[in-house]
Amino acid sequence: MSERIKVMIPEEDIDKRVRAMGAEISLDYGNEGVVLICILKGASFFACELAKRITTPVAIDFMSVSSYGSGTVSSGRVRIMKDLDDDIAGKHVIVVEDIIDSGRTLSYLKKVLEERNPASVKLCTLLDKPDRREVSVDVDYTGFTIEDKFVVGYGLDYAQKYRNLPYIGEVELD
Ligand code: IMP
Ligand code: MG
């Protein structure tokens, strides 16, 4: 099976939106400081660009969770493969995700992180596919709401390919 990639969100639109999200987060946190929790690997491109646009003091930590296998179908299970390096007690944290689909990953992570007594936990995602939601979850910062299409680029992969595309593309299978 081969696939073609069609541009869905051009690079310039993503840049503009990420700047606006950074400005909004900067306003919300003032000088309080925030820990960005980047969910590997997909959110890494977005988290770096977002961090550069935030003016409140930023710390970055990484977490890896299992969600999808190598295809386009969710396994429905969430498991922590790599945990944070640092304690988040008393800190304001923002979980940074590439995309929210069923909602399982973010709702699970929010629960797990809240048990560690941070000052607050907010959720931030570059993309949202609301049509696919199975578990309801309140997202605080959303880049783009998209249709139920499988997308790649800007960190998102299809079987580990296409993460390095500078735009968001739609996968078309032949
Ligand atoms: P959720 O737990 O179903 O919300 O799944 C979120 C995770 O599924 C994301 O972090 C992605 O890793 C993956 N995912 C969901 N939709 C897509 C997609 O369209 N392209 C690439 N990965 C996706
Ligand atoms: Mg992911």
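Because the structure is a prediction, the values reported are computed rather than measured. Order of appearance sets the numbers: ligands from 1, and atoms from 1 within every ligand. All heavy atoms count here, side chains included; hydrogens, waters and symmetry mates do not.
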*Asks:* Out of curiosity, S102 OG to R133 CZ, how far, rounded to the nearest 0.5 Å?
*Replies:*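 Those atoms lie 8.0 Å apart.
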*Asks:* Can you list everything that forms a side-chain contact (heavy atoms from CB on, under 4.5 Å) with T56? Sequence neighbours excluded, please.
*Replies:*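 Listed in chain order: Y29, V34, I54.
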*Asks:* With the side chain counted from C-beta on, respond yes when K41 and R163 share a heavy-atom pair under 4.5 Å apart, and no when they do not.
*Replies:*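 Yes. Closest side-chain heavy atoms under 4.5 Å.
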*Asks:* Measuring from non-hydrogen atoms of E134 to any atom of ligand 1, is the shortest distance under 4.0 Å?
*Replies:*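 Contact check E134 vs ligand 1: negative.
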*Asks:* Which ligand 1 atoms are under 4.0 Å away from a heavy-atom of T105?
*Replies:*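 Numbered from 1, ligand 1 contributes 1 (P), 2 (O), 5 (O), 6 (C).
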*Asks:* If you count the non-hydrogen atoms of other residues, nucleotides and ligands that lie under 6.0 Å from CG in D138, is the total more than 12?
*Replies:*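 No, because the 6.0 Å sphere around CG of D138 holds 12 heavy atoms or fewer from other groups.
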*Asks:* For residues 6-20, which residue pairs pass the side chain to side chain donor-acceptor pair (under 3.5 Å) check, not counting sequence neighbours?
*Replies:*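 Non-adjacent pairs meeting side chain to side chain donor-acceptor pair (under 3.5 Å): zero.
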*Asks:* Taking both backbone and side-chain atoms of G103, is any N or O found less than 3.5 Å from an N or O belonging to ligand 1?
*Replies:*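 Yes: some nitrogen or oxygen of G103 is under 3.5 Å from one in ligand 1.
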*Asks:* Identify, by atom number and element, the atoms of ligand 1 in contact range of D98, meaning under 4.0 Å from any of its heavy atoms.
*Replies:*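 Ligand 1 atoms under the 4.0 Å threshold to D98: 9 (C), 10 (O), 11 (C), 12 (O).
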*Asks:* D157 to ligand 1: N or O pair under 3.5 Å?
*Replies:*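 Min N/O separation from ligand 1 is not below 3.5 Å for D157.
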*Asks:* What atoms of ligand 1 come within less than 4.0 Å of a heavy atom belonging to R104?
*Replies:*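 Under 4.0 Å from R104, ligand 1 has these atoms: 2 (O), 4 (O).
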*Asks:* Between the side chains of R104 and E134, is the shortest nitrogen-to-carboxylate-oxygen separation below 4.0 Å, so that they form an ion pair?
*Replies:*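 Looking at E134 and R104, the cut-off is met.
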*Asks:* Any heavy atom of K129 closer to ligand 1 than 4.0 angstrom?
*Replies:*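 Distance cut 4.0 Å: K129 passes for ligand 1.
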*Asks:* Of all the atoms in ligand 1, which lie at a distance below 4.0 Å from a heavy atom belonging to L156?
*Replies:*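 Every atom of ligand 1 under 4.0 Å from some heavy atom of L156: 20 (N), 21 (C), 22 (N).
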*Asks:* Nearest heavy atom to atom 20 (N) of ligand 1 wins, so pick from L40, V78, V151, V135.
*Replies:*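 Looking at heavy atoms only, V151 sits closest to atom 20 (N) of ligand 1.
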*Asks:* Go through ligand 1 atom by atom and flag the ones less than 4.0 Å from a non-hydrogen atom of K149.
*Replies:*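 Near K149, meaning under 4.0 Å from one of its heavy atoms, ligand 1 has 19 (O).
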*Asks:* Based purely on interatomic distance, does I100 place a nitrogen or oxygen under 3.5 Å from a nitrogen or oxygen of ligand 1?
*Replies:*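 Checking ligand 1 against I100, no N or O pair falls under 3.5 Å apart.
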*Asks:* Please work out which of Y108, Y162, F150 has its closest non-hydrogen atom nearest to atom 17 (C) of ligand 1.
*Replies:*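 Result: the heavy atom closest to atom 17 (C) of ligand 1 is in F150.
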*Asks:* Salt bridge check, K111 against E114: does any charged N sit closer than 4.0 Å to a carboxylate O?
*Replies:*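 K111 and E114: not salt-bridged.
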*Asks:* Look at atom CG of N31 and say whether more than 12 heavy atoms of other residues, nucleotides or ligands are closer to it than 6.0 Å.
*Replies:*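 No, CG of N31 has 12 or fewer neighbouring heavy atoms, counting only those of other groups under 6.0 Å.
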